[in-house]
Number of protein chains: 2
Amino acid sequence: MDMEAQRESSKPNIRGRIKQQKTELIQEEILDAASRLIAARGFRAVTVDDISAEMGFTKSIVYYYMKNKNEILWRIFERIDKTYANGLDEALKPGGSPTEVLARVVKMHALNVMMHQEWAMIYNRDENELTEDQRATVTSNRRKYNKRIQDLYADGIKAGEFRDGDPFLAVCCLIGACNWPYTWFRSSSKYSAEDVASAFADQLIKGAAKAA
Amino acid sequence: MDMEAQRESSKPNIRGRIKQQKTELIQEEILDAASRLIAARGFRAVTVDDISAEMGFTKSIVYYYMKNKNEILWRIFERIDKTYANGLDEALKPGGSPTEVLARVVKMHALNVMMHQEWAMIYNRDENELTEDQRATVTSNRRKYNKRIQDLYADGIKAGEFRDGDPFLAVCCLIGACNWPYTWFRSSSKYSAEDVASAFADQLIKGAAKAA
DNA sequence: CCTACCGATCGGTAGG
DNA sequence: CCTACCGATCGGTAGG
């Protein structure tokens, strides 16, 4: 009777867990394959057949694990949003002057861009392929992300460490510079991601001009 | 006979000139309409029917004035390349210290991005829709453009005006910051293009940190 | 009976 | 300058 109970209660649980694990594993595989292709060619130019072929399957598998083509793109955006938000949490942890924290933020952002270059390409090129609602969410998250850095910048001005100026424009300038490597960075080049991130943090904070 | 000669020689010229003017005018119209739509939705998402409808025509007109869909995109890229190259010619004209010239270059680039925002969107998002050859030309032009600014930067280091650092990375940092407004700038916002360009030039050259 | 998956084909729409 | 139409290819779904 105990055995019976177990057979009825735990076995389905184990099966269910295994099934869910497999589901999540294959979904991750789909997102990885899709990210590679979409980054290289653009969302519209990649067919569901391309994505499944990249994994050695036919597209029915993709449609078994994903509702439709849009869900693939949306889950890529969700992964990106989460990664950057987590990175910012880490960089903004207490410790150091505003200048030091800003250097951490700049480096974190630039490194994320270069280490997940495919994501950055997709994020900055294929946002307009999302639905209205999804785009609104992405825009809202981006605004929150920028706002947190603007607040840091405003603190730095108050502390007398940053030049007085509009925090919005200042952060747009910083983030823009840090985003751009997605268009040109190659990990095989003579500059490592760390080289670039450090050089950018240095130049952006100290300026191009030699201190007078 | 003189009249005859004129009728035979000049009339076709006049007709030819008028016809060519009309051709160029409509081609410009097509490029303008296409730029608006492609910037908003992406090249793959815009149909030739969309472009012709935007002008109040059917697509046969587009195919009369353009060889195919690709030619539209390519001619947009040619316009962009030429505009930026001309802007750089102007900004690099002799006059002023390296610091002053660099400020001119930064402002010119940022202003071009904001004043032709649709071009910047297309240039940075739809380059992968060009043919292999076209992409090679675009890449080559971009490299030349950046190289000219790198040379200016190297001069500024020699003159003791810029902090010593890799000119390639330094210019990537500057240009990246100047490009980014294409993703967020709105001419209706509280910042004018001139505001943004000046603030960026200031921040990029002097740095975020207050001079010690 | 369910699952995971295949070969084939659907309705629609693209560039030309 | 329009209507009508092509070869092809798309995203998504059927039966087995």
Quick one: on DNA chain C, does Y64(A) or K59(A) contact a more 5' nucleotide (nearest heavy atom)?
Y64(A)
For D49(A), answer base if it contacts any base atom (sugar-phosphate contacts may also be present), sugar-phosphate if it contacts only those atoms, and nothing otherwise; contact means non-hydrogen atoms under 4.0 Å.
nothing
Name the orientation class of the two ring planes belonging to Y182(B) and W180(B) (parallel below 30°, tilted from 30 to 60°, perpendicular beyond 60°).
perpendicular
Please give, in whole Å, the distance from dG11(D) C1' to M66(A) CE?
16 Å
Ring centre gap for Y84(B) and H116(B) strictly below 6.0 Å:
no
Go through the steps to decide whether Y191(A) and F168(B) satisfy the test ring-ring contact (aromatic ring centres under 6.0 Å, His included), and finish with yes or no.
CA-CA 10 Å; Y191(A) 310 100; F168(B) 173 80; 5.4 Å; yes
Assign V46(A) to base, sugar-phosphate, or nothing according to its heavy-atom contacts below 4.0 angstrom with the strands shown.
sugar-phosphate
When you check the phosphate oxygens OP1 and OP2 of dC6(C), does a side-chain N or O of S60(A) lie under 4.0 Å from one of them?
no
For F43(A) and dC10(D), what is the distance between atoms CZ and P respectively, to the nearest whole Å?
13 Å
Over how many whole Å does the gap from N68(A) atom CG to dG12(C) atom C1' extend?
17 Å
Roughly how many Å is it from NZ in K67(B) to P in dG16(C), rounded to a whole number?
10 Å
Mind checking T47(B) for me? I need base, sugar-phosphate or nothing, with any heavy atom below 4.0 Å counting as a touch.
sugar-phosphate
Within this structure, what is the CZ-to-C1' distance between R44(A) and dT13(C), rounded to whole angstrom?
11 Å
More than 12 foreign heavy atoms under 6.0 Å from CZ of R135(B): is that the case here?
yes
Would you say the ring centers of H109(A) and F200(A) fall short of 6.0 Å from each other?
no
Could you tell me the separation between the CZ atom of R41(A) and the P atom of dC10(D), rounded to a whole number of Å?
10 Å
What integer distance in Å separates Y63(A):OH from dC10(C):C1'?
13 Å
C1' gap between dT9(C) and dG11(D), integer Å
13 Å
Quickly work out the M55(A) CE to dA4(C) C1' distance and round it to whole Å.
13 Å
Within the structure shown, what part of the strands sits under 4.0 Å from Y65(B) by heavy-atom distance: base, sugar-phosphate, or nothing?
nothing
Donor/acceptor link under 3.5 angstrom from K69(B) side chain onto base of dG16(C):
no
